[in-house]
Protein chains: 2
Amino acid sequence: MSLPHVLLGVLEARPMSGYELTQLFGASTRWVWSAPQSQIYPALKKMEENGLIQGEEQQRGTRMTRTVYTITDAGLSELKEWIGTPLPIPPSRDALEVQALYFDLVPAESAKRVLKEFISEQEEALDHAEAHQARLLAKDTELLRERMTKRPPDQHDRMARLKAHVFAGHAAMARTRIAWAQEGLRLLDDAN
Amino acid sequence: MSLPHVLLGVLEARPMSGYELTQLFGASTRWVWSAPQSQIYPALKKMEENGLIQGEEQQRGTRMTRTVYTITDAGLSELKEWIGTPLPIPPSRDALEVQALYFDLVPAESAKRVLKEFISEQEEALDHAEAHQARLLAKDTELLRERMTKRPPDQHDRMARLKAHVFAGHAAMARTRIAWAQEGLRLLDDAN
DNA sequence: CGCACCATGTAAAAGGTTACATGATTGA
DNA sequence: TCAATCATGTAACCTTTTACATGGTGCG
């Protein structure tokens with residue numbers, strides 16, 4: 001039940017088309033949420049039916065139209081209510097943990113290959129999170145600027161710090177995971 | 001594609017019925033994987049069709065039967081291959097992070113309520129992970145004992161340490177998340 | 001003209017959740 | 001006899017993934 005709320009959160013910054021949203025959510029494992037295009041267009045339609053957003057058709061060139069969606073008052077209050085609602089803990093389902101649980105069944109080399117690949121992915125995630133955190137603290141992202149224009153300047157610092165904190169968390173998690181995997185490499189090397 | 005492998009991993013310890021497996025995977029958000037009963041029975045059937053496990057019907061009382069599944073050689077090699085295969089990074093999809101990204105839209109009190117609930121869940125997870133880690137290091141869990149009976153004693157320490165390491169990771173992640181949420185509480189309290 | 005990008009959809013399948021349904025056994 | 005637990009399934013629904021499908025626009 002979260003995708004609509006994530007979309008509302010983005011549209012709170014400014015109106016966007018389905019295409020723009022697919023770019024944001026697409027491919028990049030890097031942002032806080034990911035969703036393919038095939039999920040986004042139907043979601044937008046349903047949200048419009050429910051009155052959470054309002055689509056406006058715009059002409060592009062002669063015979064191409066794009067629909068730009070704006071969050072409605074109803075959408076904004078739905079979003080605010082959701083943000084303040086404690087959600088049920090999602091069930092844990094981490095395949096790497098399962099693999100690690102059974103590392104004793106395979107040659108140390110195989111297990112180490114899995115961990116090393118994981119470490120390099122997490123290092124990339126760490127870099128990305130730190131970079132984004134810095135950009136937010138510097139108030140140097142497009143969406144944050146859009147959001148700030150609608151709010152009194154004395155709130156801008158707090159907005160930036162709260163958003164940066166999410167990516168600080170991302171980074172901290174990546175560091176913890178890397179340390180865990182490195183300890184795993186050490187354990188695998190230990191003579192039995 | 002992971003549920004069958006998780007089931008294989010458990011059945012590597014000893015043969016079990018669908019019922020026993022549902023107990024293990026049930027409800028408890030606490031173990032490494034969770035799955036409802038309605039997923040487990042069909043999965044077992046399919047795995048038997050694929051020759052990964054072998055079911056044996058046992059009589060219970062007069063007119064009740066249970067099917068106990070044993071991992072086959074094919075199942076064991078499938079499991080081992082999977083354990084050594086680096087898996088694609090799952091897309092990030094953490095609803096709390098999305099909420100936190102928009103905490104500036106709601107009263108600090110609402111946001112703090114969400115974080116506090118999260119902290120107490122994570123504290124519980126932390127306790128559980130530490131306890132399980134200790135139990136594994138002490139070689140004091142039923143399944144680990146079963147597994148050790150099939151392996152030379154000089155491997156037992158390594159088995160226990162590798163499995164304990166998974167829960168050490170769980171614990172480390174919980175600690176990181178708690179620290180993150182506490183920093184969030186501080187930021188929310190900061191005057192704008 | 002051709003290529004990169006803009007723009008929007010549908011369909012099929014897989015994975016997961018919740019609810020419904022049924023009955024036997026064990027022990028207090 | 002009553003309740004807790006043992007034991008196994010199906011059905012409907014929702015979410016997510018992968019793939020297919022189509023065409024316009026802008027620029028070099």
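Here is how names work: the chains are called A, B, and so on, in the same order as the sequence lines, proteins then strands, and each is numbered from 1.
- Using a 4.0 Å cut-off, some side-chain N or O of B:Arg60 falls inside it from OP1 or OP2 of D:dA7.
- Comparing C:dG16, D:dG9, C:dC6 by their closest approach to the side chain of B:Leu3 singles out C:dG16.
- The distance between atom CE of B:Met16 and atom C1' of D:dT8, rounded to the nearest whole Å, is 18 Å.
- Side-chain atoms of B:His170 and A:Glu97 include a donor-acceptor pair closer than 3.5 Å.
- Proximity of B:Tyr41 to the phosphate of D:dG9: no side-chain N or O atom is located under 4.0 Å from OP1 or OP2.
- OP1 and OP2 of C:dT8 both lie 4.0 Å or more from every side-chain N or O belonging to A:Tyr19.
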Using the 3.5 Å cut-off, write out each protein N or O paired with an N or O of nucleotides 18-22 of chain D and the distance between them.
| unit_1 | atom_1 | unit_2 | atom_2 | d |
| --- | --- | --- | --- | --- |
| D:dT18 | O4 | A:Ser38 | OG | 2.4 |

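- Among A:Lys163, A:Arg135, A:Arg145, the single residue meeting the salt bridge (charged side-chain N to carboxylate O under 4.0 Å, His left out) criterion with A:Asp140 is A:Arg145.
- Nearest to the side-chain atoms of B:Arg93 among the listed nucleotides C:dT17, D:dT17, C:dA24 stands D:dT17.
- When the P atom of D:dC6 is taken as reference, atom CG of B:Leu24 falls 13 Å away, rounded to whole Å.
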Practice prompt. Check the pair A:Glu49 / A:Lys46 against salt bridge (Lys or Arg N to Asp or Glu O under 4.0 Å), numbers first and verdict last.
Written response: CA-CA 5 Å; A:Glu49 276 170 38; A:Lys46 208 173 174 190; over 6 Å; no

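- Here D:dG26 presents its C1' atom at 14 Å from CZ of A:Arg63, a figure rounded to the nearest Å.
- Taking a 6.0 Å sphere around CD of A:Glu81, one finds it holds 12 or fewer heavy atoms contributed by other residues, nucleotides or ligands.
- With distances taken from any side-chain atom of B:Thr62 to the nucleotides C:dT25, D:dA7, C:dT8, the minimum falls on C:dT25.
- In this structure, the CD atom of A:Gln58 is 15 Å from the C1' atom of C:dT8, given to the nearest Å.
- Rounded to whole angstrom, the span from the OH atom of B:Tyr69 across to the P atom of D:dA7 amounts to 13 Å.
- Heavy-atom nearest nucleotides on DNA chain C were determined for A:Pro42 and for A:Arg66, and the one closer to the 5' end corresponds to A:Arg66.
- Taking atom CZ on B:Phe25 and atom P on C:dT17, their separation rounds to 13 Å, with Å as the unit.
- Residue A:Ala171 comes nearest to A:Ala129 through the heavy atom pair N-CB, 3.8 Å, listed as atom of the first residue, atom of the second, then distance.
- Listed nucleotides D:dT8, C:dT17, D:dT17 differ in distance to B:Pro91; the shortest reach to its side chain belongs to D:dT17.
- Across A:Trp180 and B:Val166, no two heavy atoms sit closer than the pair NE1-CA, 4.1 Å.
- The phosphate of D:dT8 has neither OP1 nor OP2 within less than 4.0 Å of any side-chain N or O from B:Lys45.
- The side chain of A:Met64 approaches C:dC6 more closely than any other nucleotide in the set C:dC6, D:dC6, C:dT8.
- To the nearest angstrom, P of C:dT10 lies 14 Å from NZ of A:Lys46.
- In plain terms, the two heavy atoms of A:Glu48 and A:Gly55 that are nearest each other are OE2-N, 2.9 Å.
- Following rounding to the nearest Å, A:Glu57 (CD) and D:dG24 (P) show an atom-to-atom distance of 16 Å.
- For B:Phe25 and B:Trp31, the distance between ring centers is under 6.0 angstrom.
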